[in-house]
2 protein chains.
Amino acid sequence: MGLRERKKVQTRNALIDAALDLFLTQGYEATTIDQIAAEVDVSPRTFFRYFASKEEVALSLFADSLEIFLGDLAARPDSEPPYTALSQAMRSMVGALQDVDPADAARFVKARELTESTSALLAGQMRLLMENEKRLVAEVARRQGVGADDLLPQFVVSVFTGIGMICFGSGKQHLDVMAKRLEDVLTLADGSFRPGWDLPPADVSPSGDA
Amino acid sequence: MGLRERKKVQTRNALIDAALDLFLTQGYEATTIDQIAAEVDVSPRTFFRYFASKEEVALSLFADSLEIFLGDLAARPDSEPPYTALSQAMRSMVGALQDVDPADAARFVKARELTESTSALLAGQMRLLMENEKRLVAEVARRQGVGADDLLPQFVVSVFTGIGMICFGSGKQHLDVMAKRLEDVLTLADGSFRPGWDLPPADVSPSGDA
DNA sequence: GTAATTTATGTCAGCCCATGACAGATGACA
DNA sequence: TGTCATCTGTCATGGGCTGACATAAATTAC
């Protein structure tokens, strides 16, 4: 990797760190782009060459983990029912977060703490979720063998998004506490649904039909 | 009602109408506050005396219906299980929307169509939902006789929020079509959950305990 | 009906987010 | 070293949003 690329990664991380620290100490709205840029010794204009908006710098880590989740989901075998695949992908993503180096983990925890206390960022996080919801619905619909405009995949994804929000959204927790919370919510969900709720009804009787 | 108040309501509605029309024809981002204000013959500064932001004017109707929903929920008898109360309150709210005068209904349909096609507004809608989620969780927890920090009420509310989003979020439909969609989703949900899923487990055996 | 009070509105000035255009600096590569 | 691509800084601009102050209008009191 060349010097140029290394510098870019460096600047990007420095901007994220400076932004998160300023956001957490002064508040998100009270912090200006100029302050973030000054902290990293770059021009304000350069900030916008790394992040499209003030919001993006705060949510970039969440966006990254969302991508990881989608990747993990695609890697689940087709034989798994949709909800199982979603749950396992979520476990896999949280596990991956625990494995990265401590600096990244610290950044992630900071970003989560910040998002939780800033309604504008909470909204942005939801926007990210919803922008990816189409992809999620399409994947679930594929596994169910129904159309993407069917209610069932939308329902499954919607329920699962709620589970994700509960996990990411409450309590100032470290990653391992978050992992435990995920298990708790998934256990609760398992007890709430009927078996096979995430699969389309078999409209033929088990032992043959016309 | 005095002249002063009538004029305010008039101006407010005129601003909403002008904004929705401009948003729908030119797009949300492409429309400026100055244009909206000019359309109503009011100074741009006055716009911000009626709405705190460009987003608020587009979501004001949704915010209103959300308040109606919360009111309807509070009016449900305590004997109803949480999920039933939520569903009935939702039915009640959608019913109320169908009863208002056509001008208001037209505004609502416009606002919904607009929100659906504008990701910034979709995010704002979610923000509104989440800002009210605390109240919703508190109400559900009260009916369940558990603490508001318990997982169960959060789960129930989260699931229900998803149902609401499916209803409000897809298809350019009129109010009656939306009502039918609500019934469809609620039917699907009814078939997916185990009986009593929205109530805390009775941790005593039915015929006596210490 | 007039005066005093309250309240809505217009004007002006300003901050901040965000973007386009251009020029200079710096790393990549032959 | 010289050429090229790319990153960066500077400048200018538009639009969202807010505070301060003055004016105009409606409400209330007399």
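Values reported hereafter were calculated over all heavy atoms of this structure, with side chains retained and with hydrogens, waters and symmetry mates removed.
- Per the geometry, CZ belonging to B:Phe51 stands 21 Å off P belonging to D:dG15, to the nearest Å.
- Between D:dC7 and A:Lys8, a contact under 4.0 Å exists linking OP1 or OP2 to a side-chain N or O.
- Rounding to whole angstrom units, CD of residue B:Glu56 and P of D:dG16 are separated by 15 Å.
- A straight line from CD of B:Glu55 to C1' of C:dC17 spans 16 Å, rounded to a whole angstrom.
- One can place CD of B:Gln10 at 14 Å from C1' of C:dA8, the figure rounded to the nearest angstrom.
- In this structure, CZ of B:Phe23 is placed 13 Å from C1' of D:dG15, rounded to the nearest angstrom.
- Distance A:Arg45 CZ to C:dC22 P: 14 Å, rounded to the nearest Å.
- Between the A:Lys110 side chain and the A:Ala105 main chain, no donor and acceptor come within less than 3.5 Å of each other.
- Between the base of D:dT27 and the side chain of B:Arg4 there is no donor-acceptor pair shorter than 3.5 Å.
- Using a 4.0 Å cut-off, no side-chain N or O of A:Tyr50 falls inside it from OP1 or OP2 of D:dC7.
- Across all strands shown, B:Thr32 has heavy atoms under 4.0 Å from sugar-phosphate atoms exclusively, and none from any base.
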**Request:** Start with the C-alpha gap between B:Arg107 and B:Asn13, add the side-chain angles, then the distance that decides, and say whether side-chain contact (heavy atoms from CB on, under 4.5 Å) holds.
**Result:** CA-CA 9 Å; B:Arg107 263 191 281 266; B:Asn13 283 336; 4.1 Å; yes

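- Of the residues near DNA chain C, A:Arg49 and A:Tyr28, the one whose nearest nucleotide (by heavy atom distance) lies more toward the 5' end is A:Tyr28.
- With DNA chain C read from its 5' end, the first of the two nearest nucleotides for A:Phe47 and B:Val42 is the one closest to B:Val42.
- With 3.5 Å as the limit, one finds no donor-acceptor pair spanning the side chains of B:Ser87 and B:Thr84.
- A donor and an acceptor atom, one from each side chain of A:Ser43 and A:Thr46, are located under 3.5 Å apart.
- Each of B:Phe48 and B:Glu5 has a nearest nucleotide on DNA chain D; the 5'-most of these lies closest to B:Phe48.
- Each of A:Thr46 and B:Ser53 was assigned the nucleotide of DNA chain D with the nearest heavy atom; the assignment lying further toward the 5' end belongs to A:Thr46.
- Counting distance only, with no hydrogens placed and no angle test, the side-chain atoms of A:Arg6 and the base atoms of C:dG27 include no donor-acceptor pair under 3.5 Å.
- Here C:dC17 presents its P atom at 18 Å from CD of B:Glu29, a figure rounded to the nearest Å.
- Between B:Lys134 and B:Val137 the shortest side-chain heavy-atom distance does not fall below 4.5 Å.
- For C:dG27, the OP1/OP2 oxygens have a side-chain nitrogen or oxygen of A:Lys7 closer than 4.0 Å.
- A straight line from NZ of B:Lys54 to P of D:dG14 spans 16 Å, rounded to a whole angstrom.
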